[in-house]
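Just follow the structure's listing: the first ligand is 1, and inside any ligand the first atom is 1.
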Amino acid sequence: MNTNSQTQPSVSVGDYLKSVWEVAGTGAASTKDVAERLSVSAASVSNMFVRLQEMGLVRHERYHGASLTERGKREAMRLVRRHRLIETFLLEHLGYSWDEVHEEAERLEHAVSDTFTERLAEYLGHPAHDPHGDPIPTPEGMLEPDRNKPLRDVEEGEEVRVSRVDQRDEAVLAYLGEQGLVPGTAIRVLEVRGVDGVVTVEGEDGSVHTLGEPLTRSIFVRADS
Ligand SMILES: [Zn+2]
């Protein structure tokens, strides 16, 4: 969570659309969840939902929150694509660490055009995933199907690859980065402890990691094929 409100860019229509999508996908996002996500008041969210509805970007029902219309979803995907390409660029070419890229991309995504975004995609070789393993939507707004499962659902002896880390906390990202538990890393599941869900894994380099509940929910893996 960013506590430095002075450097926070003002919350735009696009930020709202992205948040609705992040909170609920194509389902209905509650006022409360979107308010939390954007660190704004519930009243601001309610007002904005009415405005977005007038703009044809969401369907808003009292007490049921808001869901994206087809147009709203296209707009959200456009911004998600932009955001994830910028994150990839910052990590691969400007020496940012993976816990720093999100905040910077949040700022930059408001400043660049679609032309810039598509040139950037070309420059990066049309990557399919951002540094956190999140899929980058195509220019048409399509997303690859999600074949990942959380680490807490693995079984002992499974050999998998870290595919995505669903975590915004920079301290947690920095920790996982230090441990080498980033997308692309192959791991073997040594133990899944039934009593508290703690999962022990071994990395490619033989390092052993014992991971508790918050981490096993944030780390996603897929079959290592
Ligand atoms: Zn991000």
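The Zn ion (ligand 1) has His83 NE2, Glu87 OE2, His102 ND1 as protein N, O or S atoms under 2.8 Å away.
Ring pair His93/Tyr123 is tilted by interplanar angle, where 30° to 60° counts as tilted.
Looking at heavy atoms from C-beta onward, Met48 lies out of side-chain contact with Leu17 at the 4.5 angstrom threshold.
With sequence neighbours left out, Glu144 forms a salt bridge (Lys or Arg N to Asp or Glu O under 4.0 Å) with Arg222.
A salt bridge links Glu213 to Arg152: one of the charged nitrogens lies within less than 4.0 Å of a carboxylate oxygen.
Hydrophobic cluster membership for Val208: Leu190 (Ile, Leu, Val, Met, Phe, Trp, Tyr linked by side-chain heavy atoms under 4.5 Å, directly or transitively).
Counting only residues at least two apart or on different chains, the ring-ring contact (aromatic ring centres under 6.0 Å, His included) pairs with a member in residues 30-62 are Phe49-His60.
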